[in-house]
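A quick write-up on the structure given underneath.
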Amino acid sequence: MNTMGKQIEQIDAQTLKSYFHDGGEVALLDAREEVPFDSRHIFMASCVPIGRLECLVDTLVPRRSVRVVWCDDGEGYAQLAAERMSSLGWSDIHVLSEGLSRWEKAGHRIYSGMHVPSKAFAELIECDAGTPHISADELKAMLDNKSDVVLFDTRTFEEYHGNSIPNAISAPGAELVYRFKDMVPSSETKVVINCGGRTRSIIGAEALRVAGYPNDVVSLANGTQGWHLAGYDIIDGANRAAPEVSANGLAVAKDAAKRVAKRAGIRAIDLATLSNWRKENEIRTLYLFDVRTAKEFEAGHLKGAKHIAGGQLVQETDRHCATWGARVVLIDDTSVRATFTAYWMKQMGWDVATFSTDGKDIEIETGIWSPNILGLEDAGVNMISAAELRSSMDAGAVQVVDLAMSKEYLNGHIPGAAFALRSQFPRVIGDLSNSGTLVLTSPDGKLARLAAAQLTPPAKALAGGTNAWVSAGFKVEAGPERMLSEALDIRLKAREEEVNKEEAMKAYLNWEIDLAEQMRTEDDQRYDIIRR
């Protein structure tokens, strides 16, 4: 791939600091993998590993002329990422000279953890709003005594299904407010909200309180991790989902959304305004997020919108919006879920508005959302089919390298394939120089094509990737057969740790709680919390 762009400007820490406070748009991108990013990074940064840059950057930083700063921790990835991004069409790119060490030497704080802006925001909300909570012991006693209490898990259904508290019902994020009246017809029922740790428990409980529902609503202190640490069972395979919304339930939710929109000054835009904003995308970044369920989105959505359920957007905003100061339009069909998501996004500092598709003459798309992967048109590489690869492997003439996420590789890969991070090319690939023809694969084959074109001499890429291999009826195998790269791409959750799981949970929960105090002196944060 050609990475020769214009000269990349090096900036110091004070210049970067000024970018956060001058009123202009700025995207701070950290070019390292998730594990080192989790260990230490700058508060305003989004993790955009250089190995997956082409797959992420168009979605995260859609405006080509926006001000971009790349950083790392001295590994040299930032400069390479800046050059690659420049070659893909961005024009105002900078690199933080000396990376995190320069920022730290200037007296600025370094953070650990993932999704810090969202996590810290929830901790401030709990402190300022006085969100009531109960302990795992208190909840267990209520459940054992068959009290009039209901427990809602506000994580994604997949997270809930994988590990949850007995008796919990799945009500992800904004669905909690949207479907509440149908789930809890009696105002006398005590309502407990949980997530894996703290963030979504707090936001979910506060959403119901702000909505004005008369029930006694509390969060479960420390979520499923607190439940586990108290010695109680966590189950897998739970499937109790929230019901469809009734006419009465929708009317109640709409009334709540109107009250919240008025209180917070949330703007609902019409189709003409949305059209004008889309035309202004060369001077102002615009994110369009459909915050309904995946099933609703796939059935039909506004063309150009990305799907991310409202609760998940609040939970990990940095994963979806890398350009600070951008416009954010939240989309649904009733204004309820968009409004309650906007309520939190606005307080986090985003220029947010809502758009309802109901009754609008809009261009509709169906199906899942897929990111725009850049550079594929220039990735002229030799392709190999699954059948051809199988024959070559039987003859011992090829070595397959899988560029999937490490979890995907561990769950199932082509027999004999090695795992590697693209960010570590060509060092790890050099170890395979005597293993025959090199064939790269990835789940759908696209990242493999990009990586194959980067190598000299070019490698082959498996057409359609590992998905095509499986579709051809060939077997895969699981486990860490050959890990050329350490699994630095995914930071494991505390509950996923194989050793010292409980200590990891305690450390994580303490880290979350400590964020509130750190935010009191963090001058880059843009929170504007509505006082209760």
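Just so it is clear, the values below take in all heavy atoms, side chains as well, and ignore hydrogens, waters and symmetry mates.
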Hey, are the side chains of [X] and [Y] touching, using non-hydrogen atoms and a 4.5 Å cut-off?
X: Leu88; Y: Glu54; answer: yes
X: Leu286; Y: Arg278; answer: yes
X: Gln225; Y: Arg495; answer: no
X: Phe340; Y: Val291; answer: no
X: Met85; Y: Val68; answer: yes
X: Arg267; Y: Thr273; answer: yes
X: Pro443; Y: Glu408; answer: yes
X: Leu139; Y: Tyr232; answer: no

Going by the angle between their ring planes, with limits at 30° and 60°, are [X] and [Y] parallel, tilted or perpendicular?
X: His301; Y: Phe297; result: parallel
X: Tyr527; Y: Phe121; result: tilted
X: Phe43; Y: Tyr111; result: tilted
X: Trp103; Y: His108; result: tilted

Check whether Tyr213 reaches the backbone of Lys181 with its side chain - one donor and one acceptor, N or O, closer than 3.5 Å. no
May I ask you to decide whether [X] forms a salt bridge with [Y], counting only side-chain N to carboxylate O separations under 4.0 Å?
X: Arg292; Y: Glu175; value: no
X: Arg198; Y: Glu126; value: yes
X: Lys407; Y: Glu496; value: yes

In terms of side-chain heavy atoms, does [X] have a donor or acceptor partner in [Y] at a distance below 3.5 Å?
X: His161; Y: Asn163; answer: no
X: Gln312; Y: Arg319; answer: no
X: His115; Y: Asp318; answer: yes

Only one of Trp324, Phe289, Trp344, Tyr343 clears ring pair (Phe, Tyr, Trp, His ring centres under 6.0 Å) with Trp350; which? Trp324
Derivation of the side-chain contact (heavy atoms from CB on, under 4.5 Å) call for Ile42 and Leu96: CA-CA 11 Å; Ile42 298 172; Leu96 177 61; 3.9 Å; yes
